[in-house]
Amino acid sequence: MTMSEEKNSGSRGKEEESEDESEILEESPCGRWQKRKEQVSQGNVPGIETASLAMDTEEGVEVVWNEVQFSDKKVFKSHEDRMREMFESLMHVDHPNIVKFHKYWLDTRESRARVIFITEYMSSGSLKQFLKKTKKNHKTMNVKAWKRWCTQILSALSYLHSCHPPIVHGNLTCDTIFIQHNGLIKIGSVWHRLFVNVFPEAIYGNVQHHRDDETNQHYFAPEYGLAEDVCSIDIFAFGICTLEMAVLEIQANGDTVVSKEAITNAAQSLEDPLIKEFTQSCVRMDAKKRPTAHDLLFHRVLFEVHSLKLLAAHCFINYQYQLHDNCLEEKTRTFDPSGVMAEIKHGDRPGVEIKYSNVSPLELDKFLEDVKNGIYPLMNFQRGLTMPRTLSIFQERMETVKTPSPEPQEMETRKVVQMHCNLEFTEEGTRSHLSLLLKMDDKLQRQLNCDVLPTDSSKDLASELVHFAFISEEDCEKLAGFLEDALCKHWAGPPLEESSLA
């Protein structure tokens, strides 16, 4: 065989291997989710021996297909109501720093019962992998990056702990924290406690071994597993994570277990006294003396007065639906580069002028995108803040798969970013024709038409659109207010040609 033939043979082998991995093994009942042969690791989750890569055929993105096998159908049935409750709660977890939980269903067609759930695929790897690469390259951790990561993790924990009832993660490690290429941090394995606490004995393969996993024992608080889980065990684990982030790796001296002595030595090696105080407050032996996630956001090492730029960016993102496409680009194009945007005056020395030329439109676009993705959360002074969600999450009722059947109609989860409406009186004059144009956050446009009477309620019209899955429930109140304003102006005065939130 010649060299070229060997190369071609190797190339064909790789292509065949790639084709094997992309082979579709199974589809969801609705056909949207397609399980592939390729397996992925998305953190240490008990009960899930393997997780497979899958394709979301509607969004065109890769996701993770997770399966939990049950050893006995009767046991499975006895836990069905509890599973319904727990998974429904997970479907409502909505935060930019938490791995998205897309959908789940039950399958009892095979000899063993199983739960299948679809989660977001974190392609860039775990925080543990990133820290190892950083240390391998003989680099140290950047303090700004450390603070930004801590803020994002605390943002997610504060969100989970403020839910009713509070959601305790229970498996927070550097393996279950993921970092994206743009610096966005997300925590995964939020469903961990469901498997460990609710029905560990029912899962095929048993999950009790997780508590005996020596490699991650140092993340577990002293009270872990001894009583009902409380939020303080997440704070302890977070403290160990922050210590690892600061020193890149806690040396175990060749042992499989990271000892208390190793943790103490790592903490003592910290040069910044505020970072040292911060980490030590999290890992106090007395759970009652540990601060809450919300309290930690006010710690001196993290707390800062948000810049006007960041506040303005959040305001822009929150009200983006009222702005038309490319409005930022159009606005910045009209500015005179030499014009003064702001001026700081000093009584005893010359002032500082900030010109439009000092601001790069490309940098501004990237900053707004980072704010939208959750890299710079406003969590230092707002409790229970609901953050924007960039991808859809499907809040559907659980479907028990016994025989193939049509998928229940899904609720719309995409956000409306622009609204336009046109109202025209009909010939008889007793009603008007409404044309409504909605632009969704994925660029999809919907054109809706109907006749309206003076007695029609804007709230009823908006609720009907939610019922038929034209808009999400979150947009119902916003659309009702928009229609109320447009209808009032239309019926009260001359014919209204067009109204818009743009």
Side-chain angles (χ1 to χ4, degrees), residues 88-89 91-96 103 159 162-164 314-325 327 372 382-398 407-502:
E88 286 294 337
S89 296
M91 294 288 284
H92 289 81
V93 172
D94 184 2
H95 193 281
K103 187 185 175 182
Y159 172 88
S162 62
C163 291
H164 301 287
H314 273 276
C315 185
F316 182 88
I317 295 299
N318 291 338
Y319 293 94
Q320 194 173 13
Y321 68 89
Q322 297 184 1
L323 307 170
H324 62 81
D325 282 344
C327 69
K372 182 178 180 181
Q382 294 190 21
R383 181 181 286 273
L385 179 66
T386 301
M387 302 297 290
R389 186 80 173 259
T390 56
L391 292 179
S392 58
I393 184 169
F394 291 86
Q395 299 176 358
E396 304 173 74
R397 296 196 62 182
M398 182 179 64
E407 184 77 358
Q409 183 170 348
E410 297 178 345
M411 299 298 291
E412 179 59 81
T413 56
R414 289 168 288 200
K415 302 290 180 63
V416 176
V417 294
Q418 289 182 36
M419 306 177 190
H420 302 270
C421 79
N422 183 62
L423 283 159
E424 295 180 354
F425 285 103
T426 57
E427 292 182 0
E428 63 269 23
T430 58
R431 64 180 64 207
S432 291
H433 185 72
L434 169 66
S435 294
L436 183 64
L437 177 65
L438 303 175
K439 185 170 183 180
M440 319 304 283
D441 58 8
D442 62 350
K443 307 300 183 183
L444 174 72
Q445 292 191 2
R446 282 187 166 148
Q447 179 81 41
L448 306 170
N449 299 281
C450 70
D451 287 340
V452 293
L453 295 168
T455 55
D456 285 335
S457 163
S458 59
K459 289 185 178 179
D460 291 342
L461 291 173
S463 297
E464 192 171 342
L465 293 180
V466 172
H467 176 74
F468 289 104
F470 287 118
I471 64 171
S472 70
E473 191 169 355
E474 293 181 19
D475 286 324
C476 183
E477 185 176 347
K478 180 172 66 178
L479 180 61
F482 171 69
L483 290 176
E484 180 70 21
D485 183 59
L487 290 170
C488 286
K489 292 179 180 178
H490 176 71
W491 296 118
L496 178 68
E497 292 185 358
E498 185 173 0
S499 179
S500 66
L501 273 180

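Hydrogens, waters and symmetry mates play no part in the numbers below; they use all other heavy atoms, side chains included.
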Heavy-atom closest contact (A462 atom, I471 atom, distance)
O-CD1, 3.9 Å
Is there a side-chain contact between F470 and L448 (heavy atoms, below 4.5 Å)?
yes
Please examine the side chains of H490 and F425, heavy atoms only from C-beta on, and report whether any two atoms are closer than 4.5 Å.
yes
Any idea which heavy atoms bring H433 and D451 closest together, and the distance?
ND1-OD1, 2.9 Å
Short side-chain to backbone donor-acceptor contact, Y159 and D94, under 3.5 Å
yes
Locate the shortest heavy-atom distance separating A486 from L423; write the atom from each residue and the value.
O-CD1, 3.8 Å
So do the side chains of F482 and V416 get within less than 4.5 Å of each other, counting heavy atoms only?
no
Note: D475 and R414 closest approach over all heavy atoms is OD2-O, 3.9 Å
Decide side chain to side chain contact (heavy atoms under 4.5 Å, CB included) for V452 and L483; before the verdict, give the C-alpha distance in whole Å, the side-chain angles of both, and the deciding distance to 0.1 Å.
CA-CA 11 Å; V452 293; L483 290 176; over 6 Å; no
State the CD-CG distance between Q418 and L438, to the nearest 0.5 angstrom.
10.5 Å
Kindly give the heavy-atom pair with the smallest separation between A480 and K459, and that separation in Å.
CB-CA, 4.1 Å
Would you say that L479 contacts L436 through its side chain, given a criterion of any heavy-atom pair below 4.5 Å between the two side chains?
yes
Considering all heavy atoms, the nearest S472-V466 contact
O-CG2, 3.8 Å
Spacing of D456 atom CG and S432 atom OG [to the nearest 0.5 Å]
10.0 Å
